[in-house]
S.K.: 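Structure in structure tokens, see below.
Reminder, nothing fancy here: chain letters follow the sequence lines and each chain counts from 1.
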There are 2 protein chains.
Amino acid sequence: MSKVESPKNVRNGKSSLDDADARILAALDADARLSMSELARLIGMSAPSVSERVRRLEAAGVIRGFTIDLDTRAIGYQIRAMVRIRPLPGKLHLVERMIQERPEFIECDKITGDDPFLARLVVRSIEEMDDVLEALSEHAVTSTAVIKGTSVKRRLPPL
Amino acid sequence: MSKVESPKNVRNGKSSLDDADARILAALDADARLSMSELARLIGMSAPSVSERVRRLEAAGVIRGFTIDLDTRAIGYQIRAMVRIRPLPGKLHLVERMIQERPEFIECDKITGDDPFLARLVVRSIEEMDDVLEALSEHAVTSTAVIKGTSVKRRLPPL
DNA sequence: GTTGAAAATAGCACGAA
DNA sequence: TTCGTGCTATTTTCAAC
């Protein structure tokens, strides 16, 4: 009889994560500085195996990098906001460059809908927020929503 | 004459980062898995000193944790969207719980303005997106903007 | 994917600026 | 206090299987 393929490597169209990979990703998402030997213990494999899997996940582009979760408030940026930005006609690229050059915009997505940009802004004070938005006001209409709290902290989707 | 305090430790009200701390954070943001010895080389200090500084940055809550930057598309989540969610009267907490229990919502902020929640959604297909939004539709009004691209990748604000 | 050995690293105590 | 040195335990890496 013909062999039925196990579901291990066919969970999605692209990078074929198996259970071990999924557990590695979850563990590294929780603590990216785990040593390979500790990670290996958690996964129940040898360190070289786990190390090679991490290397492959990086090479495959699944892991784009290892980074820190920084509390911007702890370094003085007391206010966070989400800003929708609608450049005036002909100002799309100018405005995009302005966003990129303002380091207080720590993230910006290009989205569908009336407002082409949705950016995450951190500032030390209301005055600084006004400065940033004022600078854009000549070239774009903005809608700012201050972040009051977090319902879901960054997490991985189901693997 | 009285001693003038150097600007090293007074850059903000809270955690007093000096230049070394700032460079450590920038280096770890770029690669959180740098060894302490490598990091020490980059910063120009001894490994124990740098190690102690990292420990303190964690203890101070500046570094909340070390994590991975995962490419959700590489694991099959082809579509990303930002969803504004306005619960119907009396449904605020119910809707918040629903968001939290849907793992495809990988991030959700509580914001000021007409829509109390702004969530990041990843899905494998339009059908899955419809499922998620449909589940909410009984208790909330949603506005969905598909993410077409990124203008600013997550980065640190000025330190 | 595992094992085992060599090189690199981390963590600790202690001393110096 | 904050940083550097020297020690030991752990970890990483590479080879062979």
S.K.: Could you give the CG-to-P distance, from B:Asp18 to D:dT2, as a whole number of Å?
M.R.: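 It is 9 Å, rounded to the nearest whole Å.
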S.K.: Keeping B:Thr112 on the side-chain end and A:Val146 on the backbone end, is there a donor-acceptor pair under 3.5 Å?
M.R.: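 Between the backbone of A:Val146 and the side chain of B:Thr112 there is a qualifying donor-acceptor contact (under 3.5 Å).
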S.K.: May I have the distance from A:Leu39 (atom CG) to D:dT12 (atom C1'), rounded to whole angstrom?
M.R.: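 Spelled out: CG on A:Leu39 to C1' on D:dT12 is 13 Å.
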S.K.: Within the structure shown, what part of the strands sits under 4.0 Å from A:Arg55 by heavy-atom distance: base, sugar-phosphate, or nothing?
M.R.: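 The answer is nothing, as A:Arg55 stays clear of every strand by at least 4.0 Å.
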S.K.: Is there a side-chain contact between B:Ile79 and B:Arg124, using heavy atoms and a 4.5 Å cut-off?
M.R.: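 They are not in side-chain contact.
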S.K.: Taking atom C1' of D:dC3 as reference, at what distance in whole Å does atom CZ of B:Arg56 sit?
M.R.: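 It is 11 Å, rounded to the nearest whole Å.
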S.K.: Between B:Ala47 and A:Ser51, who's closer to the 5' end of DNA chain D by nearest nucleotide?
M.R.: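 This one resolves to B:Ala47.
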S.K.: Does A:Gln100 reach the main-chain N or O of B:Ser151 with its side chain, forming a donor-acceptor pair under 3.5 Å?
M.R.: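 Yes: the side chain of A:Gln100 pairs with the backbone of B:Ser151.
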S.K.: Nearest to the B:Ser49 side chain among C:dG1, D:dT13, D:dG4, which nucleotide is it?
M.R.: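 Of C:dG1, D:dT13, D:dG4, D:dG4 is nearest to the side chain of B:Ser49.
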S.K.: Without decimals, in angstroms, what is the distance between B:Glu52 CD and D:dT5 P?
M.R.: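 Distance, rounded to whole Å: 17 Å.
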S.K.: Any side-chain heavy-atom pair from B:Phe66 and B:Val54 closer than 4.5 angstrom?
M.R.: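 With C-beta onward as the side chain, the pair touches.
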S.K.: Starting at atom CZ of B:Arg53, determine the distance to atom P of C:dG11, rounded to an integer number of angstrom.
M.R.: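 Computing the B:Arg53:CZ to C:dG11:P distance gives 17 Å.
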S.K.: Does B:Val123 share a hydrophobic cluster with B:Phe105, counting links as ILVMFWY side-chain heavy atoms below 4.5 Å and allowing steps through other members?
M.R.: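 Hydrophobic grouping puts B:Val123 with B:Phe105.
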S.K.: Taking the side chain as every heavy atom from C-beta outward, state whether B:Arg120 and B:Met82 have any pair of such atoms under 4.5 Å apart.
M.R.: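 B:Arg120 reaches B:Met82 side chain to side chain.
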S.K.: Could you tell me how far apart B:Asp19 (CG) and D:dT2 (C1') are, to the nearest whole angstrom?
M.R.: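 Result: 16 Å.
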S.K.: So which one's nearest nucleotide on DNA chain C is more toward 5', A:Arg33 or A:Pro48?
M.R.: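 Per heavy-atom nearest nucleotide, the more 5' residue is A:Pro48.
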S.K.: Any salt bridge between B:Glu52 and B:Arg55, counting N to O under 4.0 Å?
M.R.: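 Salt bridge: yes.
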S.K.: Among D:dT12, D:dG4, C:dG1, which nucleotide sits nearest the side chain of B:Met45?
M.R.: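 It is D:dG4.
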S.K.: What bend angle does the helix from C:dG1-D:dC17 to C:dA17-D:dT1 show across its length, from five-pair end axes and to the nearest 10 degrees?
M.R.: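 Inter-axis angle at the termini of the helix from C:dG1-D:dC17 to C:dA17-D:dT1: 40°.
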S.K.: Any luck finding a side-chain donor-acceptor pair between A:Thr67 and B:Asp69 under 3.5 Å?
M.R.: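 No.
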S.K.: Polar pairs (N or O, both sides) under 3.5 Å between protein and nucleotides 8-11 of chain D?
M.R.:
residue	atom	partner	partner atom	Å
D:dT11	OP2	A:Arg41	NH2	3.1
D:dT11	O5'	A:Ser37	OG	3.2

S.K.: When you measure from the side chain of A:Ser125 to the backbone N and O of A:Glu128, does any donor-acceptor pair fall under 3.5 Å?
M.R.: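 It does hold such a pair.
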